[in-house]
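So the structure is just underneath, and the comments pick up after that.
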There are 2 protein chains.
Amino acid sequence: MSLSNIDIAQAAVLQPITSIAGRLGIPDDALEQYGRHKAKVALPFLASLRDRPQGKLVLMTAVSPTPAGEGKTTTTVGLGDALTRIGERAMICLREPALGPVFGMKGGAAGGGYAQVVPMEDINLHFTGDFAAIQIATNLLAALIDNHIQQGNELGIDVRRITWRRVLDVSDRALRDIVQGLGGVSNGYPRESGFDIVVASEVMAIFCLATSLADLKERLGRIVVAHTRDRMPIRARDLHAHGAMAAILRDALAPNLVQTLEHTPAFVHGGPFANIAHGCNSVIATDSALRLADYVVTEAGFGADLGAEKFVDILCRSSGLRPSAAVIVATVRAMKYHGGVDVADLPVEDVPALDRGLANLGRHIHTVREVFGIPCVVAINQRAEDSPAEIDALIAGAARLGVTAIPARHYAEGSAGAEDLAREVVRLCAEPSDLRFTYPDDATLWQKMKAIATQVYGAADITASTAVRTQLKRLQDEGYGRLPVCVAKTQYSFSTDPRLRGAPHGHMVDIREVRLAAGAEFVVMVCGDIMTMPGLPARPAAESIDVTDDGRIVGLF
Amino acid sequence: MSLSNIDIAQAAVLQPITSIAGRLGIPDDALEQYGRHKAKVALPFLASLRDRPQGKLVLMTAVSPTPAGEGKTTTTVGLGDALTRIGERAMICLREPALGPVFGMKGGAAGGGYAQVVPMEDINLHFTGDFAAIQIATNLLAALIDNHIQQGNELGIDVRRITWRRVLDVSDRALRDIVQGLGGVSNGYPRESGFDIVVASEVMAIFCLATSLADLKERLGRIVVAHTRDRMPIRARDLHAHGAMAAILRDALAPNLVQTLEHTPAFVHGGPFANIAHGCNSVIATDSALRLADYVVTEAGFGADLGAEKFVDILCRSSGLRPSAAVIVATVRAMKYHGGVDVADLPVEDVPALDRGLANLGRHIHTVREVFGIPCVVAINQRAEDSPAEIDALIAGAARLGVTAIPARHYAEGSAGAEDLAREVVRLCAEPSDLRFTYPDDATLWQKMKAIATQVYGAADITASTAVRTQLKRLQDEGYGRLPVCVAKTQYSFSTDPRLRGAPHGHMVDIREVRLAAGAEFVVMVCGDIMTMPGLPARPAAESIDVTDDGRIVGLF
């Protein structure tokens, strides 16, 4: 592959977004165009589709990733295009890329090779302003909290117990921990606070779980931002912040329609973190796509232990969405990594290591098929360096686990490379499926966390300090025990130690910290070190990104 | 007037933006639509107009304002509509509203009554994402500075000498002065810093003065963000930041086309502060409008002492734009205020006070006509409470100064209320005009500041501490003496004391601080207390802004 992602994307001939929408039966007056190739689809039109039958939902998940990622987005695009190619009416639903990583380590997040959503520069840079709106809503709430205190603190907010943090869509480690309000009386009360990246904001999670503008506003009002000295919660509603926040988010809440390189329609909408939040694109986008297409492919962040678990236990539980099949993306590279190979040696053929690494795939297959009850297929996201022996070993390994593994070459070949995968997905979708949750609603928060740790992570048990246990008891007493839990842990291991590759079992999972997301409606269990504000690397991608005098973006990869 | 601004705006029947553009001769393929009623006009198309003759440029300025403002935006809209009404081909150019004030004290900034640009909610809230892009570009540069230091500080940046601040589009006093980089080694070096409101960013000023994408990038590269221990400047270019910053700003740089309630085309683009920056919409928008229309009305921030002076000495000097006429907005209310009346008593008729207050108008007329050499008219932005005797006194007072003052009722009546004003403007534009700058390029920074203080503010002289004088000498030695100066002082008085109303003279203007804006190409002279991050009031406007379940914004005034 000598062409870069941006070269391929910029060489593409796009169809007008009105044509893409027209093929889906979306009338022109339901489109708010953002230029010729992006559009928001109006919420009233989408609400009018609620009586239509739903298409089949396909969940794209993956093995525990290597630091480079295994290509879920790319495979989502490739599968969508391949479904279109074999004559199905298909759509895909993706998360919006965050700017922080685009300018930092990771580069773009709109797929890769011949499996991309376009216009890729727009999607990676500004797009339609959704993240800007989420950022402003989050920061407006923060300003209203400090302003309330400055103006007399009628609600009695305890400045030591403010949990609401500000956000930016820039990777900026210097803002993780700050002291604000310095400089004297007119600047407020000095206190510790900090910034997260915008995708870590609870507003982002709420945005993606909301089913309507009314539901959005209701959830925003329920956000708990602080407590009083006597531990009474202060909500966004108490500050009269939720109306203005919803007003800022109004336009953003309509899903963004774009297309793949092969003109398959794609909703790219929302993008919460997959650790501190649930890691899936907006429910409104996915639900709407299911009324517009017969097959909808959507991705969940990180591996199946995090993304798929949250998709099932948080998103499906609250939204009623039900996947008909799941695709587990695996790479030869990741299997060798889990078999113990150093990152530098991953390009070298090593079938024994790959065989050892299959334990990781096996655990994820178990989770998807046995724990959740979703029929699944393994997609081998093939790379040029993969040897035939390695591919065969991966196929054979999956077969021993009773699952078909299918090499997919969409990165290099586009839809033609993923036709077999598409046919298997169609076959799986015709099978009966009966989604099961990892735990029932009425289990305690402790029981819920334990169920995930033992059934999905292969852990022996969970532990927590007295402080965390006290906090869990308080949440339970306050009625939050009914909420699902959202685990924030490393994506690199089933354990809380990123160095434990493969499929560790019998380990203990320690809950280090608990955070209530009362608006998003989950309780975050922080297990291990979780970074909610990334830093920039030694050579940030920003240094090579540029724009030519005639307006062409270059250096975005 | 029983209907609120938003009621009037929401009741309006808008024309498709393609129709508005079509009347200007802008082809569809040069439009990037943002929904049906907003569009960006592509830069290559606008560049292709550079050979066309320019229309007449009309500068909208004002007397020293009361805290409520005197209605420059409203009068710009009213005059544009009235020019259209009398058969002229007219456009208006406005600044984009900042969200901070929208959610804080001031409410919307898209005109008022029957003289508004629409869709007003969109323009006041998100619009097309320009400010979000400017915010990200500013904060990316900040993150790259701290990251450079964290990764080894090859350039030798002195952490005590970083002047670049981050920005948000939220009024948040708690962020004015912070200590960042707390929390240990991985979060960087603790240091003092702070946030400004996005309109105060040098990136905003650069954005509005740039004449092309190439010029934008060049200017961004020249921004001085810090110094080394031995006082060598560190520029954005040294951090390889300017390419990525320009890439983020690429889409934003195309002007936003909207319409007035009466369908006059309007560019609403950019919006730098009028104290710390020059306070005018983008040069690209104004220059383009002059190729598309015969009359273009544009506003400059605050009173003529600040906005008009900077428009002439900074914007006209660098861009080559030349106004043919100026309109000085005056209100009965402001004249009484400058005559010494308390704010609470302003609704009461008081002709003697108004007569005293005319001194303020006189000084501004002198500045515009004698110092700058621009033919001018006074527009009396009429309010229901103004008495006929007061209006007559204002007209008579202006007549004594040799200037026509014309009552304008566009707020209540739309274009019909400003017809007389439009006819006078057309007449003035036919007069010869010969723009003069307050000072020549080759004067020293001290001489430039003194020229403004004595000729425009009526001051006796300027003063500065030894530290400021040393700093000015250093800037002079470094070659920045050729730049124009940008005075940051109170808008409420010709002096640096906001309580000195009317037309104080013989006062001293102290330069408290000097800041180099090497990319925007001016030297900021801070005279008095200047707030670059507003705070929210006791009852923020955000508390009453809301959105209904069916998506209608309410409470925005």
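Chain naming here is simple, since letters A, B, ... match the order of the sequence lines and numbering starts at 1 in each. Note that the structure is a prediction, hence the values are computed from the model and not measured.
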Salt bridge flag under 4.0 Å for residues A:Arg166 and B:Asp172
yes
Just how far is it from atom NZ of A:Lys38 to atom OH of B:Tyr34, taken to the nearest 0.5 Å?
5.0 Å
Rounded at 0.5 Å granularity, tell me how far OG1 in A:Thr548 sits from NZ in B:Lys217.
7.0 Å
Between B:Phe195 and chain A, which part of the residue has a heavy atom less than 4.5 Å away: side chain, backbone, both or neither?
side chain
A:Gln135 and B:Leu168: side-chain contact (heavy atoms from CB on, under 4.5 Å), yes or no, with the steps?
CA-CA 9 Å; A:Gln135 187 238 293; B:Leu168 284 184; 3.6 Å; yes
Given the options B:Ala142, B:Ala244, B:Gly152, which has more heavy-atom pairs under 4.5 Å with chain A than any of the others?
B:Ala244
Below 4.5 Å from any heavy atom of chain A, which atoms of B:Pro537 appear? Answer side chain, backbone, both or neither.
backbone
Please flag which part of B:Leu253 lies under 4.5 Å from any non-hydrogen atom of chain A: side chain, backbone, both or neither.
neither
B:Asp122/A:Arg250 salt bridge by N-O under 4.0 Å criterion:
yes
Specify which of A:Asp146, A:Ile136, A:Ile545, A:Leu536 makes the most heavy-atom pairs with chain B at under 4.5 Å.
A:Leu536
Picking from A:Arg176, A:Gln150, A:Met533, which has the most non-hydrogen pairs under 4.5 angstrom with chain B?
A:Arg176
Most heavy-atom pairs under 4.5 Å with chain A, out of B:Met245, B:Glu543, B:Glu192, belong to B:Glu543
I need the residue from B:Asp251, B:Leu125, B:Asp177 with the largest number of non-hydrogen atom pairs under 4.5 Å to chain A.
B:Asp177
Under a 4.5 Å heavy-atom cutoff, which of B:Asn139, B:Leu249, B:Ile149 has the most pairs with chain A?
B:Asn139
If one checks every heavy atom of A:Leu213 against chain B at 4.5 Å, the contacting part turns out to be side chain
Of A:Gly188, A:Gly183, A:Ala252, A:Ala247, the largest count of non-hydrogen pairs under 4.5 angstrom with chain B goes to A:Ala247
Measure distances from A:Val547 to the heavy atoms of chain B and classify the residue's part below 4.5 Å as side chain, backbone, both or neither.
both
Considering only NZ, NE, NH1 and NH2 on the basic side and carboxylate oxygens on the acidic side, decide whether A:Asp29 and B:Arg36 come within less than 4.0 Å.
no
Side chain, backbone, both or neither: which part of A:Leu239 has an atom under 4.5 Å from a heavy atom of chain B?
backbone
Atom group of B:Ala133 that falls short of 4.5 Å from chain A, counting heavy atoms
both
B:Leu99 versus chain A, heavy atoms under 4.5 Å apart: side chain, backbone, both or neither?
side chain
Below 4.5 Å from any heavy atom of chain A, which atoms of B:Asp28 appear? Answer side chain, backbone, both or neither.
backbone
Taking side chain as everything from C-beta outward and backbone as N, CA, C, O, which of these in A:Leu31 sits under 4.5 Å from a heavy atom of chain B? Side chain, backbone, both or neither.
backbone
Check each atom of B:Ser171 against the heavy atoms of chain A and say whether the ones under 4.5 Å are side chain, backbone, both or neither.
backbone
Non-hydrogen atoms of chain B under 4.5 Å away: do they reach the side chain of A:Gln151, the backbone, both or neither?
side chain
Checking heavy atoms, do the side chain of B:Pro540, its backbone, both or neither come under 4.5 Å from chain A?
side chain
Between A:Ala241 and chain B, which part of the residue has a heavy atom less than 4.5 Å away: side chain, backbone, both or neither?
neither
So, does A:His126 use its side chain to make a donor-acceptor pair with the main chain of B:Ile248 at under 3.5 Å?
yes
4.5 Å side-chain heavy-atom contact, A:Ser212 and B:Asp549:
no
So which of A:Ala132, A:Gly555, A:Ala214, A:Ser193 has the biggest tally of heavy-atom pairs under 4.5 Å with chain B?
A:Ala214
Stepwise side-chain contact (heavy atoms from CB on, under 4.5 Å) test for A:His240 and B:Ser544
CA-CA 8 Å; A:His240 310 291; B:Ser544 43; over 6 Å; no
Apply side-chain contact (heavy atoms from CB on, under 4.5 Å) to the pair B:Val179 and A:Ile178, showing each step before the final yes or no.
CA-CA 5 Å; B:Val179 171; A:Ile178 69 169; over 6 Å; no
side-chain hydrogen bond (donor to acceptor under 3.5 Å, both in side chains) for B:Arg173 and A:Asn187? Distances and angles first, verdict last.
CA-CA 5 Å; B:Arg173 65 169 69 76; A:Asn187 295 356; over 6 Å; no
